[in-house]
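Here is the structure we will look at.
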Amino acid sequence: MESDILDSHGFLIGEELEGDDFHYVEEDQKNENIGPSSIPYPSSTGSKNNDLIRNSRIGELASNKAGLQGIDKEKVKQIIYEASKNSAFYLNEEKKDEALSIKLKQMMKKYESLKKQNLSTINSKVDNLVQVAERERDLSHIIVHIDMDAFYASIEERDNPSLRNKPMAVGDNSMLTTSNYEARNYGVRSAMPGFIAKKLCPELIIVPCNFDKYRAVSKQIREIFSRYDPDYTPMSLDEAYLDITKYLDTIDESPDNVVEQIRREIHEETKLTASAGIAANKLLAKICSDLNKPNGQYRLQNNVDDIMNFIRPLSVRKIPGIGRVTERILNEMDIKTCGAILDNRVYIHQMFSSSSFNFFIRAALGIGSNIVKTDHKRKSKSISRTFSSLSKPDDLYEKLRELADHLAADLLKERLQGKTIAITFKLVNFKMITRERSVKKYIHTADDIYNIGKQVIFININRIIPLQTFESTLITFINRF
DNA sequence: GCACGAAGGACCC
DNA sequence: CACCAGGGTCCTTCGACT
């Protein structure tokens with residue numbers, strides 16, 4: 001289609017803000033886990049198909065993660081490709097890849113010219129910023145990140161022994177949320193459509209999600225967490241950060257033993273296994289919890305040398321907040337490890353926004369927040385459903401009504417209200433369009449949500465609906481607070 | 001010139 | 001046989017307003 005899909009948004013290329021206006025990350029500011037966003041991506045330089053398999057999200061599904069001893073990765077990629085090609089989803093991925101290629105090329109142009117310049121004056125400024133980051137280093141806490149192993153799948157196996165030792169996944173034909181380790185041997189992973197997983201592993205058993213059950217188990221493990229840190233931070237149903245510094249003061253035990261004990265209690269009380277990472281801050285603990293998965297733990301000592309030796313060779317992709325797009329940008333600059341981030345800090349500084357620079361540098365130094373708190377104010381509440389092709393406005397309004405009712409009920413449960421309603425349209429070609437509207441007064445009733453949503457749809461319907469042929473459309477409501 | 005609402009993305013689980 | 005979720009958070013850029 002037209003190139004109006006290529007939004008004109010810039011990347012994190014930044015010469016805007018000069019280094020001196022750097023401000024510290026405030027104590028309780030944000031999740032330090034959030035990386036740069038809205039960055040472009042790189043991609044193929046040439047031939048379509050194979051490049052796409054290799055470079056895009058599609059190919060990525062097969063590689064990366066562990067657990068593929070049994071099956072040939074190339075074979076997995078091939079099967080996924082065969083199942084995906086020609087689908088609307090895949091075409092959209094291709095289109096995004098192309099857009100990213102273009103942006104990446106522009107970035108590289110800038111990068112090449114940068115390399116020819118004399119950056120010695122910038123150098124000292126950048127080194128200064130690194131010093132500032134270094135001063136934030138705090139090694140006085142013992143932070144633990146606990147992550148349940150294949151959580152949903154393990155619960156289902158626990159409750160239905162006939163599923164054990166067989167490849168199985170939780171989800172449905174359109175999307176899997178978790179797969180057990182047997183299934184991973186076939187290349188079946190979370191966030192993979194069930195029908196594709198079936199092609200990789202015809203014997204795969206898919207069991208539907210049972211969130212009520214997962215929530216109940218989550219409650220159990222959280223109770224255990226609270227014994228060690230009443231202010232633990234839950235990140236999702238199966239994950240949490242704990243600061244066990246205080247707890248350690250009360251007993252004569254090593255951090256390792258305490259975490260063993262936590263995992264033992266989890267196992268005793270839920271019959272499920274967990275993995276954990278122990279380190280000086282959340283960033284490092286999170287990375288560590290993945291190292292000896294499943295049913296294992298890893299301790300990184302609170303010591304600058306150990307931390308630097310640990311982080312330097314680490315692939316940038318291991319940093320939470322660096323995803324596929326950012327990884328490819330960095331790779332294009334020949335930055336593959338955290339050590340390379342530091343080595344190229346001047347270029348990073350010139351190529352990215354100051355906030356991205358700060359994020360990259362701190363990650364590469366192994367510096368992160370060690371603030372662990374329970375309180376959390378939600379910023380939005382949403383509901384979304386994907387449904388097949390609607391052609392008439394009235395059909396949309398009907399969906400709107402259903403979703404508005406649900407959302408209102410959820411808002412009531414938490415006594416929430418908001419001022420902004422956002423509607424996201426998912427077109428048949430997988431392009432997403434969002435239109436939102438803010439109002440003066442706080443609202444929360446189904447009628448208010450419906451009426452505002454209806455206006456938003458009405459205004460945009462002629463511009464959006466005709467764009468697609470038929471098939472699926474989706475509405476999302478977001479009520480911001 | 002600024003604070004802010006709106007739209008689009010990147011990422012995470 | 002067939003055709004890729006749903007819930008959240010944060011960051012950037014743009015432009016109408018004052």
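It should be emphasised that the depicted structure is a prediction, and the values quoted were computed from it without experimental measurement.
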### Query
Rounding to the closest angstrom, what is the interatomic distance between C:dC14 and B:dG1 at atom C1'?
15 Å
### Query
Are OP1 or OP2 of B:dC12 and a side-chain N or O of A:Ser236 less than 4.0 angstrom apart?
no
### Query
Which part of the nucleic acid does A:Asp172 contact within heavy-atom distance under 4.0 Å: base, sugar-phosphate only, or nothing?
nothing
### Query
Using atom C1' of each nucleotide, how far apart are B:dA3 and C:dT12 to the nearest Å?
15 Å
#### Entry: Between C:dG8 (C1') and A:Phe211 (CZ): distance, integer Å
14 Å
### Message
Looking at C:dA5, I'd like to know if its phosphate oxygens (OP1 or OP2) sit under 4.0 Å from a side-chain N or O belonging to A:Ser384.
### Response
no
### Task
Could you check how far NZ of A:Lys103 sits from P of B:dG8, rounded to whole Å?
12 Å
### Task
Assess the pair A:Phe430 and A:Phe89: is the distance between their ring centroids shorter than 6.0 Å?
yes
### Query
Across the strands shown, which category fits A:Leu237 at heavy-atom distances under 4.0 angstrom: base, sugar-phosphate, nothing?
nothing
### Query
Hey, is the side chain of A:Thr386 poking within less than 4.0 Å of OP1 or OP2 on C:dG6, counting only N and O atoms?
yes
### Message
Rounded to whole Å, please give me the gap between CZ in A:Phe352 and P in C:dT13.
### Response
13 Å
### Task
Output yes when at least one side-chain N/O atom of A:Lys379 is less than 4.0 Å from OP1 or OP2 of C:dG7, else no.
no
### Query
By salt bridge (Lys or Arg N to Asp or Glu O under 4.0 Å), which residues pair with A:Glu182, not counting sequence neighbours?
none
### Query
Strictly under 6.0 Å, is that where the ring centroids of A:Tyr214 and A:Phe211 end up?
yes
### Query
Considering only heavy atoms and no angle criterion, is a donor-acceptor pair shorter than 3.5 Å present between the side chain of A:Ser84 and the base of C:dC4?
yes
### Message
Looking at A:Ser355, I'd like to know whether one of its side-chain N or O atoms comes within less than 4.0 Å of OP1 or OP2 on C:dT12.
### Response
yes
### Query
Rounded to whole angstrom units, what separation is found between the CG atom of A:Asn86 and the C1' atom of C:dC4?
15 Å
## Note on the structure
Among C:dA5, B:dG8, C:dT12, the one nearest any side-chain atom of A:Thr434 is B:dG8
### Task
Report yes if at least one side-chain N or O of A:Lys286 is closer than 4.0 Å to OP1 or OP2 of B:dC13; otherwise report no.
yes
#### Entry: Axial cation check for A:Tyr397 ring with A:Lys454, 6.0 Å and 45° limits
yes
### Query
Quick one: is B:dG5 close enough that its OP1 or OP2 comes under 4.0 Å of any side-chain N or O from A:Thr420?
no
### Task
Whole angstrom is fine here: how far is it from CZ in A:Phe387 over to P in C:dG6?
10 Å
### Query
Would you say C:dG8 has OP1 or OP2 under 4.0 Å from some side-chain N or O of A:Ser382?
yes
### Task
Please measure how far the C1' atom in B:dC2 lies from the corresponding atom in C:dT13, and state the result in whole Å.
15 Å
### Task
From the options C:dA5, B:dA6, C:dG7, select the nucleotide whose nearest atom is closest to the side chain of A:Lys426.
C:dA5
## Note on the structure
Across all chains, not counting sequence neighbours, the salt bridge (Lys or Arg N to Asp or Glu O under 4.0 Å) partners of A:Lys219 are none
### Query
When you check the phosphate oxygens OP1 and OP2 of C:dG8, does a side-chain N or O of A:His376 lie under 4.0 Å from one of them?
no
### Query
Would you say a side-chain N or O of A:Arg385 is under 4.0 Å from OP1 or OP2 of C:dA5?
no
### Query
Crowded around A:Glu223 CD? As in, over 12 foreign heavy atoms under 6.0 Å?
yes
### Message
Please determine whether a side-chain nitrogen or oxygen atom of A:Thr326 lies at a distance below 4.0 Å from atom OP1 or OP2 of B:dC11.
### Response
yes
### Straight-line distance of A:Asn281 CG to A:Arg362 CZ, nearest 0.5 Å
12.0 Å
### Task
Find the distance A:Leu407:CG to C:dG7:C1' and express it as a whole number of Å.
12 Å
### Summary
Of the candidates C:dA5, B:dA10, B:dG5, the side chain of A:Ala191 sits closest to C:dA5
### Message
Whether A:Arg435 contacts B:dG8 is assessed here as follows: a side-chain N or O lying under 4.0 Å from the phosphate OP1 or OP2. Is that the case?
### Response
yes
### Message
Measure CZ/A:Phe425 against P/B:dG8 and give the value in whole Å, please.
### Response
11 Å
#### Entry: Integer-rounded Å distance: C:dG7 C1' and A:Met235 CE
14 Å
### Message
Quick check on C:dC11: is either OP1 or OP2 less than 4.0 Å from any side-chain nitrogen or oxygen of A:Ser356?
### Response
no
